[in-house]
Each structure stands twice: as structure tokens, then as C-alpha cells.
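Here the structure is laid out as C-alpha cells; the discussion comes afterwards.
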Protein chains: 2
Amino acid sequence: MTGADAQQPPREASVDVIQRELTAFARRARAAAARVHPELPLVSYTLLAHIEEQRGCRATDLAAHYLLDKSTVSRQLAGLEKLGFVERRPAPDDHRVQVLHPTEAGAKVLAAAQTSRLAAYQERLKDWSADDLAGFAAYLLRYNAAGTSGLPDQHR
Amino acid sequence: MTGADAQQPPREASVDVIQRELTAFARRARAAAARVHPELPLVSYTLLAHIEEQRGCRATDLAAHYLLDKSTVSRQLAGLEKLGFVERRPAPDDHRVQVLHPTEAGAKVLAAAQTSRLAAYQERLKDWSADDLAGFAAYLLRYNAAGTSGLPDQHR
DNA sequence: ACTTTCGGTTGTATAGTACAACGGTTCTTT
DNA sequence: AAAGAACCGTTGTACTATACAACCGAAAGT
């Protein structure tokens, strides 16, 4: 063990913990999200956030990015549109696609949801040191980044 | 900025990243789990694992632990029982409760699911150093532990 | 004994999702 | 240019996970 001090846990044990804890988190996530901002269902929230970040994207992009079926995305978007949170504009060059944009109301609601969501996390993480927060954030980024490349061939 | 060395990311930024990345993870978790072990739906898997760990627990315990409605647990258990993976034994002392135990088939299927699940994680994390794995695991434990106490008063 | 509490099931409703079939568009190939 | 393939999105259908509310039977409190 590289001569370091003894308590280096075996890789397997750590992986097992990671697996368990991520699973535990996932199980709770939806309910938790619903509590934080009941107005904007979790998935809609996520999609809307992505649409805003990307400043105009297509439904297919969303489906690919989130590993969702296009029908799912289609319905989610229908919901968001019904709520008046997104707008679809036909693309001039390609008549098949519709470019998605948040409406003003959508942007507003998204900002509110993000704020309360962030506040909830701030609260939960209030006892963490800045270093630990940075470390945790970095690990999560790394973990998720690994996932988005090696996709199960399902979406190619 | 507080005079410390420059590259300490502000807490807010880290929290925001954490929030985003955990959300991203949660969104994918179900689909991913379904791919890893299609035979045992995610929640059933989780419940079954808990039943085994606890070596006999009640439906209510599961509901409390996972923040699920008892009706949800009831139906999940019905499914598991139908599949022949759990057994309910009436408690001798209290005639209301039924103590849950995995059947042999349940234990077998659970072990298989755990194995493939763990393998998937091992694969995904294969490039991580043991130190990073340990660190990530520790952060996740800490994060989730924080959540299980301060529960939203919904379940009390 | 009467009421309350507890453990669990069942009825009903909703969100999120997938798969398959389809209708238009655009691109390729001949 | 006509035919076919690939692509974008919608709609029909079905299933899982979930919640809430109403309920039943058993146990505990008074």
C-alpha cells in the first residue's frame, strides 16, 4: 500500500460504499426535489434548465443528453409549453426541427426554482468546509463525466 | 477574497456544482439501474437488499427508512412476493406485523444483481486512485447522513 | 369496554418513462 | 429527378413508481 498509513480501504469497499450511497441518493432525489419546488416537476426543471443554458436546443438534443426517449421529451415539452414556460420556434433552415427557448415566465420560474434548490443544498451543506465542498464537487463532476462518454450503446 | 490563496472556489459555486451533478446523476440512475439488472426493478432491488441486511424487518420500517408511503411498500412487497423473492412470516408476538425475509431465490437474485451492479461501478471507477475512491465514498456518506436526520417533517 | 394507535391492503390518481407506429422533411443514391 | 433512407417530432399504448385517502384488523391506553 505504497507505504502510506494503514487505513487505506480496499478499492472494492470504497466502490461498494459509493454504489450504495449514490443509489440511496437517487431513491430520494425525486421526492426531495418535489418538496423543494413543487411547481416545477423535476424532469421539467432539468429540461428547462438545459434549454436555457444551451440557449436554444432541439428536443432530440435533450433526449440524447439525458438518455430519454424522444417521446418522453416530447411530452415533457408539451407540458412545459402548456405551462407557458417554453416556446418552440421553427428553425428556418430545417423545417423538421423546432428550436426551444424559455419564455419569460419560464426563465422566471426556473430562476426561482434554482434559487430555492440551491438554498436547500446550501443549508444541507452548511457545515462543510470550502475545501470539502470543492473536493466533493470535483468528485461528482469526474464521476458524471465518466458516465456521459461510455454510454451503453442504446443511444447510438 | 478573504485573503486566502486565490483558487479556493467560493462555497456557492461548489454547492451549485454539487447540486447540478447530483441532480444529473439522479436523473440517470433509474434507467442505468434497469440496464444493469433488468430482472430486479430498482426499488425492489433496494428493498430486498434492505430486508436481507436487516435479517427480517417490517414493511413499516422500510417505508420509514426510504421515505416511501406504506402503500408503495406494500405493493412493492406484493411484487417481490409474487416473484418468489420474499416471504412474509407472521410475528408471533404481534399479530399485525409480518416479518419479511428473502427466500432462497430472492437471496440468489439479489446477490447476482449486487454483483453486476458492483461490477458496473468498478468498471466506471477503474481509473480512480484508491485515495480518491475513499474520499468520494466518505463525502457521499457524509452527505447522505446529513439528509437522514433532518427529515422534512412530512414523515413524523 | 371504548377509543386511539398501529400495521398493512386496496382504490384511485398522477408523473415519468419506454416502445412502436406514424407523418412530414431532408438527405442520398441511383 | 425519383426512390429510398435517415431524421425530427407526435401520438397510442402500457408499465413502474409513487402518493393520498379510506379502510380493516390487531394492540394498547384510559
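Residue numbers start from 1 in every chain, and the chains themselves are labelled A, B, ... in the order their sequence lines are given, proteins ahead of strands.
Remark: side-chain polar atoms of A:T115 are paired, donor with acceptor, to backbone N or O of A:A111 under 3.5 angstrom. For B:T103 (side chain) and B:E87 (main-chain N/O), no donor-acceptor pair under 3.5 Å exists by modelled atom type. Side chain of A:R11 to backbone of B:L125: a donor-acceptor contact under 3.5 angstrom is found.
Evaluation of the salt bridge (charged side-chain N to carboxylate O under 4.0 Å, His left out) test over residues 71-81 of chain B, restricted to residues two or more places apart or in two chains, returns B:E81-B:R88.
Nucleotide C:dA18 holds its P atom 14 Å from the OH atom of A:Y66, rounded to whole Å. Here the P atom of nucleotide D:dA17 and the OH atom of B:Y45 are 15 Å apart, to the nearest Å. Computed from coordinates, the A:K70 NZ to D:dT11 P distance equals 13 Å when rounded to whole Å. B:D69 places its CG atom 12 Å from the C1' atom of D:dA17, with the value rounded to the nearest Å. Put simply, CG on A:L62 is 15 Å from C1' on C:dT17, counting in whole angstrom units. We find that CG of A:D61 is positioned 14 Å from P of D:dC7, with the value rounded to whole Å. Rounded to whole Å, atom C1' of D:dG9 lies 11 Å from atom CG of A:L100. Rounding to whole angstrom units, CG of residue B:L68 and C1' of D:dA17 are separated by 9 Å.
Remark: A:T23 engages B:R117 in a side chain to side chain donor-acceptor pair (under 3.5 Å) (not counting sequence neighbours). For B:L110, the side-chain contact (heavy atoms from CB on, under 4.5 Å) criterion is met by B:Y45, B:L48, B:A49, B:E52, B:Q114, not counting sequence neighbours.
A:R58 contributes atom CZ, which lies 8.0 Å from atom CG of A:D94 (distance to the nearest 0.5 angstrom).
The aromatic rings of B:W128 and A:Y143 sit perpendicular to each other, their planes meeting at more than 60°, with 30° as the lower class boundary.
Remark: A:E12 CD is loosely packed, at most 12 non-hydrogen atoms of other residues, nucleotides or ligands lying under 6.0 Å away.
A 4.5 Å side-chain heavy-atom check between A:L140 and B:F25 finds every atom pair outside the cut-off.
Residue A:A59 is the one, among B:S44 and A:A59, whose nearest nucleotide of DNA chain D lies closer to the 5' end (criterion: closest heavy atom).
Taking 4.0 angstrom as the limit, B:T72 places none of its side-chain polar atoms (N or O) nearer than this to OP1 or OP2 of D:dT18.
Between B:E53 and A:R20, at least one side-chain N (NZ, or NE/NH1/NH2) sits under 4.0 Å from a carboxylate O, which counts as a salt bridge.
Side chain A:S74 to base D:dC8: no donor-acceptor pair is found below 3.5 Å.
Listed by residue number, B:R75, B:Q76 are the residues of residues 75-87 of chain B with a heavy-atom contact under 4.0 Å to DNA chain D. Residues from residues 110-120 of chain A that place a heavy atom under 4.0 Å from any atom of DNA chain D: there are none.
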Filtered N/O pairs between nucleotides 25-29 of chain D and protein, under 3.5 Å:
from   : atom 1 : to    : atom 2 : distance (Å)
D:dA27 : OP1    : B:H95 : N      : 2.7

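Backbone-only contact: B:T60 has heavy atoms under 4.0 Å from sugar-phosphate atoms and none from a base.
Closest approach to the B:V43 side chain among C:dG7, D:dT18, C:dT9 is made by D:dT18 (side chain taken as heavy atoms from C-beta onward).
Counting only N and O atoms by type, the side chains of B:D131 and B:S129 include no donor and acceptor under 3.5 Å apart.
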